[in-house]
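Inspection log for the structure reproduced underneath, given as structure tokens.
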Amino acid sequence: MARTQADLIVNTNTYVTLEDADAYVESNFLSQSPEYKAWFDETRPESDKVVALLSSAKALNNLRYKGRKLVRGQSLAFPRSFNTFAGVIYTPYVSQFTDNSLIEGVGGSNGLESAKEAQVVNAVYHLSLNPALAQEVSDRAISGILGRRAGSVSENYASTNERGDNMLRGIYNQDRVYYILNAWLTDSVFSL
């Protein structure tokens, strides 16, 4: 069964519609970039975009975030609210190089705009990823290969293990996705 746009249910299994994702890509990626070309590839069925958006939302929901879901029982991780635990207030960290007005998590907001952006960016990179490269990185991560040596030439993969692990989890551009969600991500075991 082919997926259709009807499979995208905002606030249930996705943060954005397909039209929202298309508009974001058009206004945030150069028309000649591989990401733009992959997203708007006319030979690719529209259902691939839907699948990429759905898997991206799932992957984002599996990350650890500060605070808690805004509404008990909501299916997606965002919107969120910050709470206190043992007298400590969890507030988002915003880099001094970032304009606070651009971060949805600042000023009492709920991070939903950051989640929308991260979902689209992750889906775009999912579709633009070279399948052979993705398979090679995944194979190394699964088998635990940390390096290769051929005579006096060697290659070290230790730094790519985290990227490989993230690719297996569905995060295809770790740097961009984590930058977008920086204000909300945590390693704390107390996040809900």
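Excluded from the calculations below are hydrogen atoms, water molecules and symmetry mates; all remaining heavy atoms, backbone and side chain alike, are included.
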Query raised in the report: Once you round to the nearest 0.5 Å, how far does CG of L181 lie from CG of L63?
Result: 7.0 Å
Requested in this report: For Y65 and L185, run side chain to side chain contact (heavy atoms under 4.5 Å, CB included): C-alpha distance rounded to whole Å, both residues' side-chain angles, the deciding distance at 0.1 Å, then the answer.
Outcome: CA-CA 5 Å; Y65 298 105; L185 290 170; 3.7 Å; yes
**Report entry** K116 with E113: basic N within carboxylate O range, under 4.0 Å
**Finding:** yes
Query - Nearest non-hydrogen partners of R44 and D48, listed with the distance - result: CG-OD2, 3.3 Å
Query - Shortest non-hydrogen contact between S128 and P34, atoms and distance - result: CB-O, 4.0 Å
Query raised in the report: How long is the gap from CG on N11 to OG on S75, to the nearest 0.5 Å?
Result: 7.5 Å
**Report entry** Rounded distance (nearest 0.5 Å) linking atom NZ of K58 with atom CG of L76
**Finding:** 11.5 Å
Query raised in the report: Atom OG in S27, atom CG in D22: separation rounded to 0.5 Å?
Result: 10.5 Å
Requested in this report: Kindly work out whether a path of hydrophobic side-chain contacts (I/L/V/M/F/W/Y, heavy atoms less than 4.5 Å apart) joins Y178 to V124.
Outcome: yes
Query raised in the report: Would a distance-only check, ignoring hydrogens and angles, find a side-chain to backbone donor-acceptor pair under 3.5 Å from S56 to Q119?
Result: yes
Report task. Please step through side chain to side chain contact (heavy atoms under 4.5 Å, CB included) for the pair L53 and L8, ending with a clear verdict. Result -> CA-CA 8 Å; L53 287 168; L8 293 173; 4.0 Å; yes
Report task. Check step by step if side chain to side chain contact (heavy atoms under 4.5 Å, CB included) holds for K66 and R80. Result -> CA-CA 8 Å; K66 297 174 186 169; R80 299 190 74 74; 5.9 Å; no
Query raised in the report: Do the side chains of S81 and R68 get nearer than 4.5 Å, heavy atoms only?
Result: yes
**Report entry** Gap between atom OG of S31 and atom CD of E26 - 0.5 Å precision
**Finding:** 10.0 Å
Query raised in the report: Between D20 and V120, is a side chain to side chain contact (heavy atoms under 4.5 Å, CB included) present by the stated rule, with each step listed?
Result: CA-CA 9 Å; D20 293 339; V120 174; over 6 Å; no
Requested in this report: Check whether any side-chain heavy atom of V10 sits under 4.5 Å from a side-chain heavy atom of V16, and report yes or no.
Outcome: no
Report task. First locate atom CG of D7, then atom CG of L18, and finally report the distance between them rounded to the nearest 0.5 Å. Result -> 11.0 Å
Report task. Return yes if some donor-acceptor pair links the side-chain N/O of N122 with the main-chain N/O of A118 below 3.5 Å, else return no. Result -> no
Query raised in the report: Can you tell if the side chain of N173 reaches within under 4.5 Å of the side chain of Y179, non-hydrogen atoms only?
Result: no
Query - Contact check, side chains of Y24 and E19, non-hydrogen atoms, under 4.5 Å - result: no
Report task. May I ask you to test the Y36-V25 pair for a side-chain heavy-atom distance under 4.5 Å? Result -> yes
Query raised in the report: Have Y15 and N61 got a donor and an acceptor in their side chains that come within less than 3.5 Å?
Result: yes
Requested in this report: Write down the atom of A115, the atom of L60, and the distance for their closest heavy-atom approach.
Outcome: O-CD1, 3.9 Å
Query raised in the report: Is K69 close to P79 at the side-chain level, that is, under 4.5 Å between some pair of heavy atoms?
Result: no
